[in-house]
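In what follows, chains are A, B, ... by sequence order, proteins preceding strands, each numbered from 1.
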Amino acid sequence: MLLFQDMLELIRSEARRFIDGIEEKEVIFDPTEHAHITLRLIKYSRSVDDFDSKLDSICEGIGKLKFVGSAKREGAYINVNLEPLTVLRTISESIETAGIFPDSFQDPERVSVEHTSTNPTGPIHMGRVRNSIIGDSVARLIARYGYRVTTQYYVNDSGKQMLSLYLGYRKFHDGEKPTVPILLDGYLKIYSLFEKEGNEKEVEDLMERYEKGDEEIIRNVREIATIVLDSIVEDLARLHIKFDEFTWESEFITTGETKEVMKRLSTSIQTNPDDGARYIDIPGLRKIYLERRNGTSLYVTRDIAYHMYKFSQYDRCIVILGEDHREHGKIMTYIMHDLLEYKNQLDFLFYGYVNLESGKMSTRKGTSIPVREVYDKLVEKAKNEMISRYGNASDETAHKIASSSLRFYLVKINPSKPITFKWEDALDFNGETAPFIMYSYTRAASIMDKAASTGGKYSGEEMHESEGDLIIHLYQYPYRLKEAYMSLKPEVLANYLLVLSKKFTKFYENCRVIDQPDPVRNRRIEIIKSYMKILEDCSDILGITNVRKM
RNA sequence: GGGCGCGUGGCCAAGCCUGGAUAUGGCAACAGCCUCCUAAGCUGUAGAUCAGGGGUCCGAAUCCCCUCGCGCCCGCCA
């Protein structure tokens, strides 16, 4: 089966027969919509003899290629249009025989995607969930590309924040049944107490006992951490995000893995002469401490242990982290690759904060917007929209609209850009949103429901421009899939989905289907079937769940 | 102070890696479109010194340098 990227390659080789060394990027999908594919050859105009006549030859050669409908010269550009009918046959044949387009897969390497990994100190908020949504989409993307993916949540049950959560509970709610609101209340109280007294000795003592492996404290902290973690997992489940594996940070302390890290790194580790604290010096960066003077481990030490574990299980590890961890990513890469000499691929994906118009989101300061709150409002709005249209609402559909909207709102934006959360935007169902995409699907489904036939023989007569345009964009799917996969950018697919559904809407506005005579109707039905299939496939990667009615 | 990220019409994004055709969409605004497969849609109008300045180049939103603004990091915290 020829994919879009194969077409580009065929056209490139044809062009290179006449002009040697034409770069890959000069033969591309044309974003300016002059044609489907364009050759930008202006840069060769002066270095190539007989440029003009060579362009004519290239143009002629391309015109003869299979799949190509037309090739036209416009100055130093050659604009190529594919033959939509042939393309449509390729797509529908794949869906017919393999049930999917594209149907080619890679060798199944094992890939780990670690995401969320937020400290279970309270309900997950709109800032943290950006991590989950990006991470889950990346995991799905890689799985769609043919790899065996495991999603992982690294649960931080050690450290100051978690011990403060525990201390707050013991101090303010001892004996009460630990629930999320009670734990959160204790957490907020203990931090305001720290602030008032400027004394954190109590929690520091706990930390030392914890890090020395005090089993009772570790058990108690883990117990309350589990309660909060469960609520986070529950909130994420409503967004269709689930984890294959949870790894507790404390395990690396109790099993002695952190000691193993020190041993493995011994040739690079230096010791403070005065107090015995141990560190490594990262060139061009700074000293990174791995062991305190009292012999306990630090966050980096435990993260190294965690990555050693992951590298023993997976060929490639991807980690989604907030932008405040950019330097941590550099440190980890240096240690794992340069010092420990692992060959496994390690990728970090960073994302910017989700802020409020009034400033930062913080659980500790009580200024965060819980995911649950946004989700519930989305469900409510979706129901109201349906009631105003049909007088009744499907609960299931409302939930699908809510989870899709929330995910799309955060995944469509380039992760490195900060987001300012606005209710107005988050609750928008118009324009560049998940409901817009979903709506186009319901229109397609509606036609299929009403059309008596499910297709048949078709030909290319009376093809409207919007049909061909839609077909070519459908054909681009594997190309976008590859682009998104190679660069780990789910937002590429989000934008593709928007463009694709806009093309469908255009088609819908311009082309009648069920009341058309047969060859035309069959072709349009075939287009709609392909559209639905590809939209489902791509939506699924982003966690958008389509419905036949909304 | 050093390092990193971000800056695109009133608002929000795409494009930047890999320079090339009149900078692509959405929201809000204005004017229209449902006897017709779902109007959560569509059409049209208006709106941009691509933060600012310099440089490289035949050509810069895109590459380089400087400046400004916002954010983040620079712990024996995580």
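- Nucleic acid contact for A:T433: none, since no nucleic acid atom lies under 4.0 Å from a heavy atom of the residue.
- For the pair A:K506 and A:H464, the minimum side-chain heavy-atom distance is 4.5 Å or more.
- A 4.5 Å side-chain heavy-atom check between A:M361 and A:R128 finds every atom pair outside the cut-off.
- Of the possible polar contacts, none joining the A:Y166 side chain to the A:V203 backbone as a donor-acceptor pair under 3.5 Å is found.
- Rounded to whole Å, the separation between the C1' atoms of B:C17 and B:U62 comes to 9 Å.
- At a threshold of 4.0 angstrom between heavy atoms, the contacts of A:K506 are confined to the sugar-phosphate backbone, with no base atom among them.
- Between A:Y289 and B:G75, no base-stacking contact is recorded for ring centres under 5.5 Å apart and planes less than 30° from parallel.
- Atom name C1', nucleotides B:G69 and B:A14: the rounded distance is 23 Å, in whole Å.
- Checking B:A40, B:A21, B:A14 against every side-chain atom of A:N79, the shortest atom distance belongs to B:A21.
- Among the protein residues, A:N384 comes within range of no part of the nucleic acid, since none of its heavy atoms lies under 4.0 Å from any strand.
- No donor-acceptor contact under 3.5 Å links the side chain of A:T32 to the base of B:A23.
- Base contact: A:R293 has a heavy atom under 4.0 Å from a base atom.
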ask   = What dot-bracket string describes RNA chain B from 5' to 3', counting Watson-Crick and G-U wobble pairs whose defining distances are under 3.5 Å, with [ ] for crossing pairs and | for pairs to another strand?
value = (((((((..((((......[...)))).(((((.......))))).....(((((..]....))))))))))))....
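- Remark: side-chain polar atoms of A:R524 are paired, donor with acceptor, to backbone N or O of A:R512 under 3.5 angstrom.
- Contact annotation for A:Y390: base contact, defined as any heavy-atom pair under 4.0 Å involving a base atom.
- A:N294 has its CG atom 9 Å from the P atom of B:C77, to the nearest Å.
- In this entry the distance linking CZ of A:R443 with P of B:C34 reads 15 Å, nearest Å.
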ask   = Step by step, would you call A:L500 with A:Y477 a side chain to side chain contact (heavy atoms under 4.5 Å, CB included)?
value = CA-CA 9 Å; A:L500 189 64; A:Y477 180 47; over 6 Å; no
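- B:C42 sits 41 Å from B:G59 when the P atoms are compared, rounded to a whole Å.
- Side-chain atoms of A:T505 lie closest to B:G41 of the nucleotides B:G41, B:G20, B:A40.
- Contact annotation: the side chain of A:I437 approaches that of A:F408 to within less than 4.5 Å [non-hydrogen atoms, C-beta and beyond].
- At the heavy-atom level, A:F436 lies under 4.0 Å from the strands shown only through sugar-phosphate atoms.
- For the pair A:F408 CZ and B:C12 P, the interatomic distance rounds to 18 Å; values are reported in whole Å.
- Atom pair A:E24:CD and B:C17:P shows a separation of 15 Å (rounding to whole Å applied).
- Looking at heavy-atom distances under 4.0 Å, A:E249 makes contact with sugar-phosphate atoms alone, never a base.
- Within 4.0 Å (heavy atoms only), A:M486 reaches no atom of the nucleic acid at all.
- Among the atoms of the strands shown, none is found under 4.0 Å from any heavy atom of A:K381.
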task = Go along nucleotides 26-32 of chain B 5' to 3' and tag each nucleotide: B for a protein heavy atom under 4.0 Å from its base, S when only backbone or sugar atoms are that close, - otherwise.
result = SS-----
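- Taking a 6.0 Å sphere around CZ of A:R222, one finds it holds more than 12 heavy atoms contributed by other residues, nucleotides or ligands.
- Between B:G20, B:C4, B:A21, one nucleotide has an atom nearer to the side chain of A:R326 than all others, and that is B:C4.
- Using C1' as the reference atom, B:A40 and B:U45 are 24 Å apart when rounded to the nearest Å.
- When the nucleotides B:A78, B:C58, B:A13 are ranked by their closest atom to the side chain of A:R46, B:C58 comes out on top.
- B:G9 and B:A51 have their P atoms separated by 8 Å, with the value rounded to a whole Å.
- Comparing the same atom, C1', in B:G26 and in B:G41 gives a spacing of 14 Å after rounding to whole Å.
- Here A:L298 lies in heavy-atom contact (under 4.0 Å) with sugar-phosphate atoms only.
- Taking only side-chain nitrogens and oxygens, A:R302 comes nearer than 4.0 Å to OP1 or OP2 of B:A78.
- The same atom, P, is picked in B:C16 and in B:C34; the two are 41 Å apart, to the nearest Å.
- Between A:D395 and A:K383 there is a salt bridge, since a side-chain N of the basic residue sits under 4.0 Å from a carboxylate O of the acidic one.
- When heavy atoms are screened at a 4.0 angstrom cut-off, A:M438 is found touching no nucleic acid atom at all.
- Within residues 508-524 of chain A, the residues that place at least one heavy atom under 4.0 Å from RNA chain B are, in residue-number order, A:Y508, A:E509, A:C511, A:R512, A:V513, A:I514.
- The side chain of A:R292 lies closest to B:C76 when the candidates are B:C76, B:A40, B:G20.
- Ion pairing between a basic and an acidic side chain is recognised when a charged N comes within 4.0 Å of a carboxylate O; A:E23 and A:K25 show such pairing.
- When each of B:C37, B:A14, B:A21 is scored by its nearest atom to the side-chain atoms of A:T38, the top-ranked nucleotide is B:A21.
- Nucleic acid contact for A:N272: base, since at least one base atom lies under 4.0 Å from a heavy atom of the residue.
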key: Working for side chain to side chain contact (heavy atoms under 4.5 Å, CB included), residues A:K503 and A:F507   = CA-CA 6 Å; A:K503 295 293 176 193; A:F507 161 78; over 6 Å; no
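- In this structure, NZ of A:K287 is placed 23 Å from P of B:C73, rounded to the nearest angstrom.
- Remark: aromatic rings of A:F348 and A:H325 are distant, center separation not under 6.0 Å.
- Few gaps surround CZ on A:R130; more than 12 heavy atoms of other groups in view lie less than 6.0 Å from it.
- Using a 4.0 Å cut-off, some side-chain N or O of A:S416 falls inside it from OP1 or OP2 of B:C6.
- Atoms CG (A:N131) and P (B:C72) sit 18 Å apart, rounded to a whole Å.
- Side-chain atoms of A:K381 and A:K377, non-hydrogen and from C-beta on, never get closer than 4.5 Å to each other.
- Nearest nucleotide to the A:K330 side chain, out of B:G19, B:A21, B:G3: B:G3.
- In this structure, A:H328 reaches neither bases nor backbone, as no heavy-atom distance under 4.0 Å exists between it and the strands shown.
- The distance from atom CD1 of A:I288 to atom P of B:C76 is 9 Å, rounded to the nearest whole Å.
- Distance CZ (A:R364) to C1' (B:C77): 10 Å, rounded to an integer number of Å.
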ask   = Which is it for A:K43 and A:E26 under the salt bridge (Lys or Arg N to Asp or Glu O under 4.0 Å) test, yes or no, and what are the steps along the way?
value = CA-CA 9 Å; A:K43 70 159 63 160; A:E26 304 302 342; 3.0 Å; yes
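- Atom P of B:C65 sits at a distance of 15 Å from the matching atom of B:G2, rounded to the whole Å.
- Nearest to the side chain of A:K25, among B:A40, B:A13, B:U18, sits B:U18.
- No engagement by A:R278 is indicated, since no non-hydrogen atom pair under 4.0 Å with the nucleic acid exists.
- Side chain of A:K417, nearest nucleotide from B:C6, B:A21, B:A78: B:C6.
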